[in-house]
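Some notes on the structure that comes next.
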Amino acid sequence: MLYKEKNYRDGASLVPKKIAGEIKKGLTDVPNNLKQYQIKRFNDDFMDYLIQNGWTKKIILTEKSKISISAAKQRIGLCIQTGNMARFYADLIKMQALFLNSKITSAIYIIPTKECAREIGSNVANFERLVNELENVFSKVITVPMLIIGFYKGEE
């Protein structure tokens, strides 16, 4: 798997290089089962890789809710979004809440690129739209520093 990055609100410098490298290694090493509607195996394999490398499983926002993000390590929140476009807004709000409540200091957001999202299915969230909306619509609302990583299989 290949990837590209976007630094949002200095997230790239706030995420330790070792942690960012770990994520990128996982993306390149985990088998890329990206055929249409078969992304679950990739997600499961990537989560197994994270857990083997010291990441937690889901992080619940509060004891009074079942709302969660994908994982965390050293106060870095992580969301993996390979589903419907509408879901990435929920992820952003969850990470912003954790950031405002001082539970995370920054975040990593893993999402397919636009071309890759088309391979996965219809109306799948994508890197380009996320970056565009963060910069042009939600820049005053979403303040959690993030390293955004868009993954894809080959040339784009």
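At a threshold of 4.5 Å between non-hydrogen side-chain atoms, the residues Thr82 and Phe151 count as touching. Leu61 places a side-chain heavy atom less than 4.5 Å from the side chain of Lys94. Between Asn132 and Val137 there is no side-chain heavy-atom pair separated by less than 4.5 Å. Using a 4.5 Å heavy-atom threshold, the side chains of Glu115 and Tyr152 count as separate. Contact check for Leu100 versus Gln96: side-chain heavy atoms found under the 4.5 Å cut-off. Between Arg118 and Pro112, the closest side-chain pair of non-hydrogen atoms is not below 4.5 Å. Side-chain contact between Thr143 and Arg9 is present, with heavy atoms from C-beta onward closer than 4.5 Å. In this structure, the side chains of Tyr109 and Lys6 stay at 4.5 Å or more apart for every pair of heavy atoms.
Here the closest heavy-atom approach between residue Ile23 and residue Trp55 is recorded as CD1-CZ2, 3.7 Å. Residues Met47 and Ala71 share a closest heavy-atom pair of CE-CB, 4.1 Å.
In summary, Arg87 and Asp91 do not engage in a salt bridge, as defined by a charged side-chain N under 4.0 Å from a carboxylate O. At a threshold of 4.0 Å, the pair Lys25-Glu22 does not count as salt-bridged, since none of the basic side-chain nitrogens sits closer than that to a carboxylate oxygen.
Clustering ILVMFWY residues whenever any of their side-chain heavy atoms sit less than 4.5 angstrom apart, transitively, puts Ile67 in the very cluster that holds Leu92. Under a hydrophobic clustering in which Ile, Leu, Val, Met, Phe, Trp and Tyr are joined whenever their side-chain heavy atoms come within less than 4.5 Å, directly or via other members, Tyr3 and Val15 fall into the same cluster. Criterion: ILVMFWY side-chain heavy atoms under 4.5 Å apart, direct or through other members. Under it, Ile76 and Leu50 are part of a common hydrophobic cluster. Hydrophobic cluster membership is shared by Ile111 and Met85, with clusters built from Ile, Leu, Val, Met, Phe, Trp and Tyr side chains linked at under 4.5 angstrom. Val124 and Leu27 end up in the same hydrophobic cluster when Ile, Leu, Val, Met, Phe, Trp and Tyr side chains are linked at under 4.5 Å.
No hydrogens or angles considered: nothing links the side chains of Thr113 and Glu128 as a donor-acceptor pair under 3.5 Å.
Among Ile110, Ile108, Thr56, Ile80, the single residue meeting the side chain to side chain contact (heavy atoms under 4.5 Å, CB included) criterion with Ser70 is Ile80.
Outside the 6.0 Å centre-distance limit, the rings of Tyr8 and Phe138 are not counted as a close aromatic pair.
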